[in-house]
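We count ligands from 1, going down the list as the structure has it; atoms in each ligand are counted the same way. Side chains included, hydrogens not; waters and symmetry mates left out as well; all remaining heavy atoms used.
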Amino acid sequence: MILAIETSCDETAVALVSDQGDLLQSTVASQIALHAPYGGVVPELASRNHSKDLPCLVEACLNEAGAAVSDFTAIAATSGPGLSSSLLVGDTFAKALALSRDLPFYSINHMEGHLLSPFLQLRSAPIPPHLALIVSGGHSLLIDVKGIGDYNVLGSTQDDAAGEAFDKVAKLMGLPYPGGPEIATHAQSGNPKAFDFPRSMVGRPDLLFSFSGLKTSARYQLEKLPQPLEKDTRNDFCAAFQEAIVDILCAKVAQAAEFSGHRVVAVSGGVACNRRLRERLVSQEQQAGRDLYLVEGEYSTDNAAMIAYAAFRRRLAGIPSSSMHRDINPSWSLAEPIL
Ligand code: KG4
Ligand code: ZN
């Protein structure tokens, strides 16, 4: 079985995938409560806690799976993109383990993990060529996926990522971190037409995103409202803001699918667990007659199951393991070679 470790940001995660692609274990130790008082991730705190939690998490994962270190056939870790001090903990731990057991090591791009996460259920069945949308706290990417490791970035964001926009606007509203799930919860009882937000970049011929205008619009509108916001106003504001992001993402998916000619669309990343986005994508893709693979909620935010699965897929595709001399790369782009 393959052991994978993910410590790119504020989640310490460990997972086991069998050599047939079955997910055997996936454990995530979230640091959300630790960083919440600061309104965002504190890198120093994150890495210190990864070092503290990781050995126990690996041990717990093995115990729950009834497995031993001698069962490992390969070790994988996220080597980028992410916070360097956090990446170093998981990457070094994984390399040390691989070296000591003389096992192949797979250096995985965190975004490749997200990219393949909607296909976890397929196990070893072929992954179709597709259009991928990854929407997380750090990235908004549209990718033409021809095969494992064959990724062509069609569009990305010029400023904030979709998740970042959720988090920043939530902060402006005084909502706790992380803001995405907070806004999504309040939006459920709000009226999405009560406020007007721009749909930036929609209708343009390119596949770029921009969410900073949306954030600025939120700030100006909030400044005109009596504070603290009344409950109904807060819910309406959340619903209208969420609807604007969902409109933009859906429009760009449709445009990119037309452009690339793909009949299969896969959506992943933390924002992919947003219920409104999921509903709208299901109906849009059904109407367009395209197959939609939506990551399961549990694997949309950061986890190690997607990292283990990416390593499994690489092995299956005959892609060689990584060199032990390969260092972490905090700004590793999916457009760069994966080896
Ligand atoms: O993929 P992820 O766990 O971390 C990164 O790799 O960035 O994504 C985290 C992001 C955060 O910005 C968070 O606010 C957002 O995903 N998020 C959501 C929801 N749940 C998490 N955004 C909107 N609606 C949600 N339900
Ligand atoms: Zn992520």
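- For a threshold of 3.5 Å applied to N or O pairs, the pair formed by G269 and ligand 1 contains no separation below that value.
- Under a 4.0 angstrom heavy-atom cut-off, H110 registers as being in contact with ligand 1.
- Listed by number with element, the atoms of ligand 1 under 4.0 angstrom from any heavy atom of T301 are 3 (O).
- Side-chain atoms of E6 and N303 form no donor-acceptor pair, as typed in the model, at a separation below 3.5 Å.
- Nearest non-hydrogen protein atom to atom 20 (N) of ligand 1 is C273 SG, 3.3 Å.
- The single protein non-hydrogen atom nearest to atom 2 (P) of ligand 1 is D302 OD1, 3.4 Å, given as residue, atom name and distance.
- The backbone N or O of A67 sits nowhere less than 3.5 Å from a side-chain atom of D71 that would complete a donor-acceptor pair.
- Shortest contact from atom 7 (O) of ligand 1 to any protein heavy atom: G137 N, 2.7 Å.
- Close approach of ligand 1 to G163 is summarised as follows: ligand atoms under 4.0 Å from at least one heavy atom of the residue are 12 (O).
- Judged by distance alone, the side chain of Y309 and the main-chain N or O of R123 form a donor-acceptor pair under 3.5 Å.
- Ligand 1 has an N or O atom lying under 3.5 Å from an N or O atom of G270, backbone or side chain.
- Between NE2 of H110 and NE2 of H114, the angle at the Zn ion (ligand 2) works out to 90°, rounded to 10 degrees.
- No N or O atom of F166 sits closer than 3.5 Å to an N or O atom of ligand 1.
- Between the Zn ion (ligand 2) and H139 there is no N/O/S contact shorter than 2.8 Å.
- When only non-hydrogen protein atoms are considered, atom 12 (O) of ligand 1 lies nearest to D167 OD2, 2.7 Å.
- A salt bridge between R48 and E44 is present, with a side-chain N of the basic residue lying under 4.0 Å from a carboxylate O of the acidic one.
- Taking atom 24 (N) of ligand 1 as the reference point, the nearest protein heavy-atom neighbour is N274 ND2, 3.0 Å.
- When each atom of ligand 1 is checked for a heavy atom of G138 under 4.0 Å away, the hits are 7 (O).
- The minimum heavy-atom distance linking S86 with T7 is given by the pair O-OG1, 2.7 Å.
- In the model, H50 has no side-chain atom that pairs as donor or acceptor with a side-chain atom of D10 under 3.5 Å.
- For the Zn ion (ligand 2), the set of nearby N, O or S atoms under 2.8 Å includes none belonging to C9.
- Under the 3.5 Å distance criterion, with hydrogens and angles disregarded, a donor-acceptor pair is assigned to the side chains of D91 and S79.
- Between the side chain of Y151 and the backbone N or O of G149 there is at least one donor-acceptor pair closer than 3.5 Å.
- Under 4.0 angstrom from ligand 1, the non-hydrogen atoms of H114 all belong to its side chain.
- Shortest contact from atom 22 (N) of ligand 1 to any protein heavy atom: G180 CA, 3.4 Å.
- Side-chain contact of T157 with S140: a donor-acceptor pair under 3.5 Å is absent, judged by distance alone.
- Within D302, OD1 is the N, O or S atom that lies nearest to the Zn ion (ligand 2).
- When every heavy atom of A305 is checked against every heavy atom of A15, the shortest pair comes out as N-CB, 3.4 Å.
- Judged purely by distance below 3.5 Å, without hydrogens or angles, the side chains of E279 and S283 never pair a donor atom with an acceptor atom.
- A donor-acceptor contact closer than 3.5 angstrom links the side chains of T73 and D19.
- Contacts of A184 with ligand 1, taken as heavy-atom pairs under 4.0 Å, involve the side chain alone.
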